[in-house]
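A quick note: this is a predicted structure, and the numbers were derived from the prediction, not measured.
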Amino acid sequence: MAYEHANVHESHSSSQSTCTSESLQQHADSPLAHDSTVHSSPAHDPTDRFHHSLAQIQHHAATALSRANGADDTYPSRARVLSVEGSDPIGGAGTMADMKAFTAHGVFGYAAMTCVCAQNTQGVTDIVNMEPDFLREQLISVSSDGIIDSMKIGMLGTPEIVDCVRDWLVDLLHDYGRRGLPRPWIVIDPVMYAKSGDSLLTPEAEQELRSILPLADIITPNVPELAALAHAGAHTAAGTGAADTTDTPNTASAPTMPRTWDEAVNMACVVAQDLGVRVYAKAGMFALQASENHAADAQPANSESNATDVCEAESALQCNDACGVEPAMQCNDACGVEPAMQCNDACGVEPTMQCNDVLVEPAALCNEGNPSAQTESPRITTLYGPRVETVNVHGTGDSLSSSLAALRPRFLDWRETAQAAKDWMVGAISGANDLHVGKGHGPIDFTWESAPTSRLFTDEYWGILSQAASQHHDDAHNPTAAQSQQESASHDATAHNATSTLASQYPAEHLDAYVRALIAAASEASDASDRAFFIHCASNVSAQIPAARSHECSSDCQHCIDCSETHSAKACSTISDTLRAIADQHSLGLLAAALLPHVWIASLEFGPTLADSEADELSDITARMAQIANREARLASHRDYQRMINTARELTRLEYSML
């Protein structure tokens, strides 16, 4: 099949005899044009930059030539990506996952279903495979009508289904070459083993699956699949070499699983070299087992030294390497101290674990189109990302492979694409715990870049506020404190409006920070009424700063007595610093989340003691601030929404510590 794969690529240039410029067409349909700068990143070396630019020119020439030939008379607004997969009724894997990932990445998705599964987050109970003839009809229905820019091929459960998809794909590539269409990007997820290591295919189907892999641009095996493919690669090498082959491994036997991440990367190198395709090696299994994954600091065998791609181990992960177990367990058992403290003391860094994947590119592809970089070793690129504490990883393999297919048309090479897919997956996995889908290993959050839709921001904040208020009153509930607070509130009720009444409760530094935040909110607001609201509040608070400063400097001022050592003074300083930092971020959502605790807590704690007109004004201010926070939260990404919630939570804690 490796020979057939090469012929498919070559057919692009050999079948273009009708084109006006044969040389241009050969460039346009060469592997380099198809994979613009796959083989050379935008590095600092002038030669690399030249080849990088040349590949871009060839890529655009190929597109222009296709349009000139009438192959596609419009530039589509979205890449068109095909999923060849099985179903998942719970919605976290298979075709359903692919469609969600396609939408999340802004591409238009096609789908041809290879099987229908009865499964959920707890497992698969039954599978009905499609008849190969019907599957081929699905594939032809798509390819005869729509252009395919990229595709992801996943679950192929039987040898007959593998043959069907492979034969259709070979025909499609020849047809696109004949018509002058750019070759679609091909991502194959070789679904052979579950994360647990359980086989999902018969030995015959597994062997047949290997015949389609050389047609891919990139494959995305999990660790058990990587071991199986490397096992077969070692068998091939042993069978074709001059060495003794009497002990040639049986490809049907269970593959030896890698014990460390370095061993897994070595296996990826074997597979990439054997099949002639890129391999995205995933470290997810090691993360779930809390095993080591140290960013390939020790170069695997047959790999090319690349200082820009391979880094030294993270300090926190060195603890993991040395201990051989989860750092928290090791520190608790061996050191007898809190794990975070031990890791910080020993390593000098926060014990954040990394879960870094790697992209391995075979030497043949690294050398293509770049004569100055001849090498016999594969190129390894480390794809950085933090480890996420979760067991909700249902469908991560499907989601990664479909993300690679969806993102590839937007990026210049596979290395950029792979890191972009990795970054997106980290966010999607980080949001998995909040979905609450299923009783087993739940799915990832495909819409993590959108704010939650099941609740208002103020609904979630009310829970935070209620808990903080309850804690505050439990800690400070005594007659003396309650009487002092009541007397203070009654005394300040003589102020001329609700804003100034509240202002008199705080030191000048605190008020100055709130004025700055209110002015920043006014400058970020696009609505004229919102701007007027923030300016009005800022004006009222600003007017109270001279009085607050004068009060602080009086001889009986409590703020001036050991001010730097009082808890409330430290909280005031922290609030002021936080508000100034948020004001510099130019985010109305963060500003609204930071300002809301101040007015809402004032409504709860001081509102009952105010005159009716002042209480009504304070209520209106709180309601308006909450309305703005809700609106901004609806428009925010999931990450920005969480930043708003975290900001409101922290400032609520600090505000109560000042009372």
Side chains of Gln122 and Asn120, donor plus acceptor under 3.5 Å:
no
Side chains of Ser83 and Lys152: do they bring a donor and an acceptor to under 3.5 Å?
no
Does a side-chain N-to-carboxylate-O contact under 4.0 Å join Arg634 and Glu632?
no
Going by the angle between their ring planes, with limits at 30° and 60°, are Trp424 and Phe446 parallel, tilted or perpendicular?
tilted
Minimum side-chain heavy-atom gap Ile380-Leu359 below 4.5 Å:
no
If only side-chain N and O atoms count, and only distance matters, is there a donor-acceptor pair under 3.5 Å linking Gln419 with Asp423?
yes
Return yes if a side-chain donor-acceptor contact under 3.5 Å exists between Glu509 and Tyr514, otherwise no.
no
Side-chain donor-acceptor pair present, Asn646, Arg643, cut-off under 3.5 Å
no
Can the positive tip of Arg624 be found less than 6.0 Å from the middle of the six-membered ring of Phe533, inside 45° of the ring normal?
yes
Checking side-chain polar atoms at under 3.5 Å, does Tyr656 have a donor or acceptor matched by the opposite partner on Gln471?
no
What I want to check is whether the side chains of Asn433 and Thr390 have a donor and an acceptor closer together than 3.5 Å.
yes
Tyr461 and Trp600 aromatic centres sub-6.0 Å
yes
Interatomic distance, Glu655 atom CD to Ile575 atom CD1 [nearest 0.5 angstrom]
4.0 Å
Check whether any side-chain heavy atom of Trp462 lies under 4.5 Å from a side-chain heavy atom of Thr458, and answer yes or no.
no
Side chains of His394 and Asp88: any donor to acceptor distance under 3.5 Å?
yes
If you round to the nearest 0.5 Å, how far is CH2 of Trp414 from CD1 of Ile218?
5.5 Å
CG/Leu651 to OG/Ser657 distance, rounded to the nearest 0.5 angstrom?
10.0 Å
For residues Asp620 and Thr622, is any side-chain donor paired with an opposing acceptor at under 3.5 Å?
no
Output for pair (Leu618 CG, Ser613 OG), nearest 0.5 Å, gives 11.5 Å
At what distance, to the nearest 0.5 angstrom, does CZ of Arg631 lie from CG of Asp527?
6.0 Å
